[in-house]
Trainee: 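Sharing a structure below in C-alpha cells format, with a few things to ask.
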Amino acid sequence: MEKTHALGALSALAHDIRLDVFRLLVRAGPAGMAAGEIAAGLDVRANTLSNNLTILTGAGLVRSEREGRSIRYFARMETMRGLLAFLMEDCCGGRPELCQPVLDRIACDC
C-alpha cells in the first residue's frame with residue numbers, strides 16, 4: 001500500500017460513524033449488510049449514512065453490490081490487511097519477521 005492510500009484509509013476511519021460502520025461490516029462478515037440494516041443497527045439517518053458510506057467506499061474500505069432496490073455493503077478486508085501491513089512493515093527495528101505472529105493473528109481469509 002502506498003502512503004497516500006494509507007492516509008486516505010486512516011482519514012476515512014477517523015470519524016465515529018465511519019469507524020462504527022466499518023466495524024459493523026467486519027462483524028457482518030462475508031454476508032455484508034443492506035444500507036437499511038446498517039442505518040437501523042447504528043441508529044443513523046439514511047442521508048448521513050449514505051455520505052459516510054461514500055467516503056469509506058472512496059477509501060477502498062467498503063464495497064457495495066446492488067440487490068434489486070437495495071444496496072448491500074461489505075468490508076474490504078484486503079484493504080485493511082494492506083493498511084495494517086503498511087503500518088507494521090518496519091516494526092521490530094526493521095525486522096518484520098519478529099512481528100509475524102501478530103500479523104498471522106490479525107489476518108483472516110474473510
Side-chain angles (χ1 to χ4, degrees):
M1 176 174 283
E2 294 180 20
K3 185 177 183 180
T4 55
H5 291 119
L7 288 170
L10 290 169
S11 176
L13 292 171
H15 183 277
D16 61 337
I17 293 174
R18 291 192 293 269
L19 184 59
D20 289 345
V21 168
F22 185 78
R23 293 188 71 208
L24 183 64
L25 290 173
V26 168
R27 281 192 300 277
M33 294 181 77
E37 294 171 322
I38 298 169
L42 297 177
D43 193 27
V44 177
R45 292 188 327 226
N47 61 340
T48 300
L49 178 63
S50 177
N51 182 53
N52 287 297
L53 284 167
T54 298
I55 292 169
L56 288 167
T57 300
L61 291 162
V62 168
R63 69 177 177 84
S64 62
E65 289 181 15
R66 180 162 291 284
E67 292 182 343
R69 294 179 54 199
S70 178
I71 299 175
R72 184 165 292 273
Y73 291 89
F74 306 86
R76 293 191 64 201
M77 297 306 293
E78 65 276 9
T79 302
M80 181 52 71
R81 280 192 291 275
L83 177 60
L84 293 171
F86 173 81
L87 293 172
M88 296 183 71
E89 71 184 14
D90 295 321
C91 69
C92 300
R95 296 184 56 209
E97 70 276 5
L98 297 177
C99 298
Q100 194 58 50
V102 173
L103 294 173
D104 289 342
R105 185 167 173 229
I106 60 175
C108 66
D109 292 330
C110 46

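Source: prediction; values computed, not measured.
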Trainee: Grab the two heavy atoms, one from Ala9 and one from Ala59, that are nearest each other, plus how far apart they are.
Mentor: CA-CB, 4.1 Å
Trainee: Of all the heavy-atom pairs spanning Ala31 and Phe74, show the shortest one and how long it is.
Mentor: O-CE2, 3.5 Å
Trainee: Using the rule given for side-chain contact (heavy atoms from CB on, under 4.5 Å), can you reason through Leu25 versus Ile38, listing the C-alpha separation, both sets of side-chain angles and the distance that settles it, and then say yes or no?
Mentor: CA-CA 8 Å; Leu25 290 173; Ile38 298 169; 3.8 Å; yes
Trainee: At what distance, to the nearest 0.5 angstrom, does CG of Leu61 lie from OH of Tyr73?
Mentor: 14.0 Å
Trainee: Do Val62 and Leu10 sit in the same hydrophobic cluster, where Ile, Leu, Val, Met, Phe, Trp and Tyr count as joined when their side-chain heavy atoms come under 4.5 Å apart?
Mentor: yes
Trainee: Atom CZ in Arg76, atom CZ in Phe22: separation rounded to 0.5 Å?
Mentor: 10.5 Å
Trainee: Filter on side-chain hydrogen bond (donor to acceptor under 3.5 Å, both in side chains), then keep only pairs touching residues 3-19, sequence neighbours left out; what's left?
Mentor: Arg18-Asn52
Trainee: Report yes if some heavy atom in the side chain of Val21 is under 4.5 Å from a heavy atom in the side chain of Met33; otherwise report no.
Mentor: no
Trainee: State the OG1-CD1 distance between Thr48 and Ile17, to the nearest 0.5 angstrom.
Mentor: 6.0 Å
Trainee: In the single-linkage hydrophobic clustering (I, L, V, M, F, W, Y; side-chain heavy atoms under 4.5 Å), do Ile71 and Leu24 co-cluster?
Mentor: yes
Trainee: If you round to the nearest 0.5 Å, how far is CE of Met1 from CZ of Arg81?
Mentor: 11.0 Å
Trainee: The criterion is salt bridge (Lys or Arg N to Asp or Glu O under 4.0 Å); which residues satisfy it with Arg72, sequence neighbours excluded?
Mentor: Glu37, Glu67
Trainee: Is a side-chain donor or acceptor of Ser50 paired with a backbone partner of Ala46 at a separation under 3.5 angstrom?
Mentor: no
Trainee: Decide whether Leu13 and Leu7 are clustered together by the hydrophobic rule: side chain heavy atoms of Ile, Leu, Val, Met, Phe, Trp, Tyr closer than 4.5 Å, transitively.
Mentor: no
Trainee: So, does Thr79 use its side chain to make a donor-acceptor pair with the main chain of Gly60 at under 3.5 Å?
Mentor: yes
Trainee: The test is side-chain contact (heavy atoms from CB on, under 4.5 Å); show your working for Leu42 and Arg23 and say whether it passes.
Mentor: CA-CA 11 Å; Leu42 297 177; Arg23 293 188 71 208; over 6 Å; no
Trainee: Hydrophobic clustering (ILVMFWY, side-chain heavy atoms < 4.5 Å, transitive) - are Val26 and Leu49 grouped together?
Mentor: yes
Trainee: Salt bridge (Lys or Arg N to Asp or Glu O under 4.0 Å) with Arg63: which residues, sequence neighbours excluded?
Mentor: Glu65
